[in-house]
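Everything quoted here is computed from the prediction, not taken from an experiment. In what follows, chains are A, B, ... by sequence order, proteins preceding strands, each numbered from 1. What you see below is based on every heavy atom in this structure, not just the backbone, and it leaves out hydrogens, waters and symmetry mates.
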There are 2 protein chains.
Amino acid sequence: MDRRLTTRGAQRRRQLIAFATRRFAERGYHPTSVAEIVAGVGVGKGVFYWYFASKDALFLEILREAQHDLRRRQSEAIEGASTPVERIERGVRASMEWSAANRDLLTLIHFAATEEAFAPAIRKGEEVAVADAARHIRDAMSEGEVPEADAELLAHAMLGVAGHLARTYLHERRRDTAVVADAAVAFCLGGVLGPRPAARPAAGSSTRPPARSSAPAMGEPATGEPAVTAPAAGVSRAL
Amino acid sequence: MDRRLTTRGAQRRRQLIAFATRRFAERGYHPTSVAEIVAGVGVGKGVFYWYFASKDALFLEILREAQHDLRRRQSEAIEGASTPVERIERGVRASMEWSAANRDLLTLIHFAATEEAFAPAIRKGEEVAVADAARHIRDAMSEGEVPEADAELLAHAMLGVAGHLARTYLHERRRDTAVVADAAVAFCLGGVLGPRPAARPAAGSSTRPPARSSAPAMGEPATGEPAVTAPAAGVSRAL
DNA sequence: GCATCCTTTGACCGTCCGGTCAAGGGACCG
DNA sequence: CGGTCCCTTGACCGGACGGTCAAAGGATGC
């Protein structure tokens, strides 16, 4: 659906995207009808299909723009940082700030990840962001700032923290962005640095850094029933 | 929809729940029609409405059962642990194992959280699990095992880690459950313990434990535009 | 005034949806 | 055997959905 748009046309298009974004986030994608969107904007139904090929196409465009914007903010936030750890911190903080300012878009991304039709688009953008964070984590590792481990997994864990804290504390409970961002950063840095023998020496003297000691490299995909194995190694014993 | 069911009736009911769960997870809740479900089970449409008041009611029941089961597993996993930190570890591990064994249910919980009609049910169960984890975190704090901070927020952060790693590494990439669980536990314990001055002493000597120093107690809800504040305090400086 | 082309209208289409219901099947009991 | 109650059928309902299209508007350049 690439058309030559006049200024007026471009405005109408933005108007439809803006209204649909709000409605999709508030009522859900499926429960929101095209009729509802055009009625909300105050135009005929044909207008919608003049600017978008389908309801799905509009949604995908919203997702695309959202991911692009988030990524841009992260890049901006990171430049100027001098150490890998500082880049990680700024990236997490930028994510939290973006999430605070773009409630609806985060909701839509969250939903899109659950629907097989949209999940691939989300995963793609997610992988890009994760690869970026993983790179900084690896940099920190090679500088000895952070213990060796699966950097990509750590990046995904940070993404999980940022997403969930944003939804719970920024959107649901409307807490102060800076405070929640600080907490998210602290948790993520703690997670990346890994659990350390605490101040007080533990009972067992063997201070084995827990299972994620990088080596086994996250074995190949498991087959059949998930292995509900024995508790493996008591990670907390290292404390 | 509380009926007196014969053995046969109870079986039919389970059959419908099982099929609908799979279908909802694979194709999405809205795109899956009641007609599709009854066709899949090989019965007439009336059967569905004999056992369930509505499509929504069935879905809510699936969610209820899922959350109940997860919680039971967590409780079982925790008993027998002697320290708060060990309880936290076992709880996280149990979540990962449950997620590995109940792919479809985790998917549905994830979706339900995005739809205003179902979100309250999810939030309720989530708050229970979080309160439980927060209690163990608080116990660990009062024993000096873990620095003081907002225990509930830390619990939510752990939930974010477990959920995202389960979806990404257990479901999507089918990695070994025990390995991913170890990584999740390690990250969570690191996050709860908080970033520590690393082995090598940092430039600035002031080893201020980062912003989450418990005190300001997560201020009241912010109003109006989200405060895209300056980067507050450079948490990573404490490293 | 005329031509062009972006824009808008809203009735209309076929389909599918969640949900209802009158009717009947069949197991068990007295 | 008749009665009861659990279970099943599938045609049917009203309505909503995503999407189409012939026709008309309106701005702009000539």
Side-chain angles (χ1 to χ4, degrees), chain A residues 1-63 108 111-112 115-118, chain B residues 1-63 108 111-112 115-118:
Chain A
M1 195 82 350
D2 39 339
R3 276 190 208 284
R4 306 194 27 167
L5 299 179
T6 63
T7 308
R8 176 169 159 236
Q11 278 178 351
R12 181 69 86 198
R13 204 181 130 88
R14 297 307 315 167
Q15 200 184 1
L16 285 165
I17 288 178
F19 188 86
T21 299
R22 207 175 331 128
R23 268 300 220 257
F24 286 159
E26 278 167 6
R27 307 218 319 126
Y29 172 74
H30 292 291
T32 300
S33 67
V34 174
E36 204 177 322
I37 295 168
V38 295
V41 173
V43 294
K45 207 174 193 179
V47 170
F48 184 94
Y49 290 95
W50 176 258
Y51 294 103
F52 305 102
S54 66
K55 195 186 165 190
D56 276 29
L58 162 63
F59 190 56
L60 286 170
E61 165 129 9
I62 291 171
L63 294 177
L108 295 189
F111 160 74
E115 187 107 348
E116 207 45 60
F118 305 123
Chain B
M1 195 75 0
D2 39 339
R3 275 191 208 283
R4 305 194 26 168
L5 299 181
T6 63
T7 308
R8 176 167 160 240
Q11 277 177 351
R12 183 69 86 199
R13 204 181 130 89
R14 297 308 314 169
Q15 201 184 359
L16 286 164
I17 288 178
F19 188 85
T21 299
R22 207 175 330 128
R23 267 301 219 258
F24 285 159
E26 277 167 7
R27 307 217 319 124
Y29 172 74
H30 291 291
T32 300
S33 67
V34 173
E36 205 176 322
I37 295 167
V38 295
V41 172
V43 295
K45 208 173 194 179
V47 169
F48 184 96
Y49 289 96
W50 176 260
Y51 294 103
F52 306 102
S54 67
K55 196 186 165 191
D56 276 30
L58 162 63
F59 190 56
L60 286 171
E61 165 131 7
I62 292 172
L63 294 177
L108 296 189
F111 159 75
E115 186 107 349
E116 208 44 62
F118 304 124

- request: Answer yes or no: does a side-chain N or O of A/Ser33 lie under 4.0 Å from OP1 or OP2 of D/dC17?
  value: yes

message: Show the nearest heavy-atom pair for residues A/Glu115 and B/Gly28, with the distance to one decimal.
response: OE1-CA, 4.2 Å

query: In residues 55-62 of chain A, what residues come within less than 4.0 Å of DNA chain C, judged by heavy atoms?
result: none

- line: Across all chains, not counting sequence neighbours, the salt bridge (charged side-chain N to carboxylate O under 4.0 Å, His left out) partners of B/Arg22 are none

- prompt: Mind checking what makes salt bridge (charged side-chain N to carboxylate O under 4.0 Å, His left out) contact with A/Arg8, not counting sequence neighbours?
  reply: none

message: Suppose we screen for ring-ring contact (aromatic ring centres under 6.0 Å, His included). Which residues come up paired with A/Tyr29, at least two apart in sequence or across chains?
response: A/Phe24, A/Phe59, A/Phe118

query: Can you check the B/Leu16 CG to D/dC7 C1' distance for me, whole Å?
result: 12 Å

What donor-acceptor contacts under 3.5 angstrom involve side-chain atoms of residues 45-52 of chain B, with partners at least two apart or in another chain?
none

message: Walk along nucleotides 6-15 of chain C from 5' to 3' and tag each nucleotide B, S or - by protein heavy-atom contact under 4.0 Å, base first, then sugar-phosphate.
response: SBBBB-----

- prompt: In residues 22-32 of chain A, which residues come under 4.0 Å of DNA chain C by heavy atom?
  reply: none

- request: For B/Glu26, enumerate each residue passing the salt bridge (charged side-chain N to carboxylate O under 4.0 Å, His left out) test, keeping only those at least two apart in sequence or located in another chain.
  value: none

statement: Sorted by chain and residue number, the side chain to side chain donor-acceptor pair (under 3.5 Å) partners of A/Gln15 (sequence neighbours excluded) come out as A/Arg12

task: Tell me, please, which residues at least two apart from A/Ala18 pass side-chain contact (heavy atoms from CB on, under 4.5 Å).
output: none

query: Who are the salt bridge (charged side-chain N to carboxylate O under 4.0 Å, His left out) partners of B/Glu61, not counting sequence neighbours?
result: B/Arg13, B/Arg64

task: Only counting residues at least two apart or in another chain, list the ones meeting side-chain contact (heavy atoms from CB on, under 4.5 Å) with B/Ala35.
output: B/Ser33

